[in-house]
Amino acid sequence: MTRPVVTRFAPSPTGQLHIGGGRTALFNWLYARGRGGKFLLRIEDTDRERSTPENTDAILRGLRWLGLDWDGEPISQFERRDRHAQVAHDMLARGTAYKCFSTPEEIAAFRAEAEARGSYAVFQSPWRDADPATHPDRPFAIRMKAPRSGETVIDDAVQGVVTFRNDQLDDMIVLRSDNTPTYMLAVVVDDHDMGVTHVIRGDDHLNNAARQTMVYQAMGWQVPVWAHIPLIHGPDGKKLSKRHGATGVFEYQLMGYPAAGVRNYLTRLGWAHGDAEIFTTEQAMKMFDLSGIGRAPARLDFKKLENICGHHIAMMEDAALLQELTAFLAVSGRPALTKAQSDGLLRAMYCLKERAKTFPELLDKARFVLESRPISRDAAAEAALDTVSRGILKSLTPQLHNATWDKETLETILNDAAAAAGIGFGKLAQPLRAALAGRMASPSVFDMMLVIGREETIARLDEAAA
RNA sequence: GGCCCGUUCGUCUAUCGGUUAGGACAUCUGGUUUUCAACCAGGCAAGAGGGGUUCGACUCCCCUACGGGCUGCCA
């Protein structure tokens, strides 16, 4: 009963990594990693029409960006089709499946007729108990011989005990007439072969779990622990769609959210552990459990995402921040930093990371250290540099030439200068900020002066005063 | 149509029969301040509706409403 935990994430490569899929992967990853278990990846690429290698790559990139690593190589479901077919034939041999010679046309006709009558009975193949001697010589599908009475019970770690009446479930096809496996069969076989102990997936699969349980039972395999988590909805409470904007993990990366923040936010979306809100991944792994997962769909809230990301940027090590920022620059198609710029950024990081929630915001506040003279100024900065202000700046530089370059001394000098000019410090800080940063939102003027140094400070003041 | 799941402040959620229903984000007010961000203090704000069970229900059961999922030789 205490098997080592094995979880998996099994995306279809029919598009990029969806934010909901990212969260499903995250939950699986947290659960496994928090228990010293394994987290596996399986690409459900049996739909040859819609699956592409590009999509697979995009999904792997998305997972890597989220910081989710997997054990071993990703498994291709398509490549395991022979094994799936073999299991279907095993079921045939065991008598838990049968050959069905009904054609898709016949089945469609049955459904159409049933619908016309206003009834919605499940299709019951006439071949279920047919004498093999009567089998025609034509292609057949293999159907599972599902129990027709009794019930199938799912003991779900999130949804609780869910009971299905067996007479509601039809004999699903496990192997198509072209010998390709259906999803219902493939998942079970793969999960079993991969040793998956806990299936954590979207609750759109809850109904499927009943039929899949039947396959496990038909093969005499141990049924995994199910955990069906609710889907993520858009801010308006509707199912997430393109119309909501950011549906892909990649888009979050492009918007400049730090991965640790997105991970934290996603972990909290639909899962809670008391009042825990801001936590590291290590803490999340320790706290995460299936019982903390909610049963109602959660809505995306960008305000909260931003808030959490702000905390994480502030918590991150300067070097790690620079590294992730550099990666952000690359994927978002922005110019890379020069050596001088990243050095400057590193020196300024202490006063930048406390005031940014996203990388674009951090970059914006970092312009004073990223730019070199002449400093470009926006309209507000230009307005702050009126004649009087220029005069004050000009009178400041001689004192700066001889000052000890530390915060205390600079504070004294600037405060005295403001007093001498008969203005409050705020009035002095404005033109200073305009001169040093070229914009009115920046770190403290003292921090900026310390970071860029005496020479550069004086040069910028001269430039602004001219 | 049938089956299944869900419903606590605007949002994410805590509560696992007894609480002034707690926290976080957002929002509002005041404070601090050198802009931005932040920070401090405080305010507003919730158990979908109706029946039960119980001394007592957000919590257990039933019904209704609303939302979602499944009902494929898609995954």
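Only heavy atoms go into these numbers, but all of them, side chains included; no hydrogens, no water, no symmetry mates. All values reported here derive from a predicted model rather than from experimental measurement.
- Rounded to whole Å, atom P of B:rA38 lies 12 Å from atom CD1 of A:I278.
- A cation-pi arrangement is not found for A:R138 relative to A:F101, the charged atom failing to lie both closer than 6.0 Å to the ring centre and inside a 45° cone about the ring normal.
- Between the side chains of A:D190 and A:Q77, at least one donor-acceptor pair of N or O atoms lies under 3.5 Å.
- The aromatic rings of A:F27 and A:F288 lie tilted to each other, with the angle between the two planes from 30° to 60°.
- Protein atom CD of A:E361 is 13 Å distant from nucleotide atom C1' of B:rU35, rounded to whole Å.
- Under the Watson-Crick or G-U wobble criterion, with both distances below 3.5 Å, B:rA65 is paired with B:rU7.
- Checking the phosphate oxygens (OP1, OP2) of B:rA38, a side-chain nitrogen or oxygen of A:K357 falls inside 4.0 Å.
- Partner assigned to B:rA14 is none, using Watson-Crick or G-U wobble distances below 3.5 angstrom.
- Between A:F123 and A:F110, the angle of the ring planes goes over 60°, which puts this pair in the perpendicular group of the 30/60° scheme.
- Remark: the A:Y265 side chain and the A:N307 side chain contain no N/O donor-acceptor pair separated by less than 3.5 Å.
- When both pairing distances are held under 3.5 Å, B:rG42 makes a Watson-Crick or G-U pair with B:rC28.
- Between A:F359 and A:F328, the ring planes are tilted. Angles from 30° to 60° get that label.
- Within 4.0 Å of A:R299, counting heavy atoms only, lie sugar-phosphate atoms of the nucleic acid but no base atom.
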Encode nucleotides 64-75 of chain B as B, S and - characters from 5' to 3', where the letter depends on protein heavy atoms closer than 4.0 Å: B to the base, S only to sugar-phosphate, - to neither. -----BSSSBSB
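- The side chain of A:A296 lies closest to B:rU7 when the candidates are B:rU7, B:rU13, B:rA26.
- Within 4.0 Å (heavy atoms only), A:R295 reaches sugar-phosphate atoms of the nucleic acid but no base atom.
- Rounded to whole Å, the distance from NE2 on A:H311 to P on B:rA24 is 11 Å.
- Between A:L414 atom CG and B:rU34 atom C1' the separation is 10 Å, expressed in whole Å.
- Under the 30°/60° scheme for interplanar angles, the aromatic rings of A:H135 and A:W127 are found to stand perpendicular.
- Comparing A:G270 and A:E354 by the nucleotide of RNA chain B whose heavy atom lies nearest to each, the residue mapping closer to the 5' end is A:G270.
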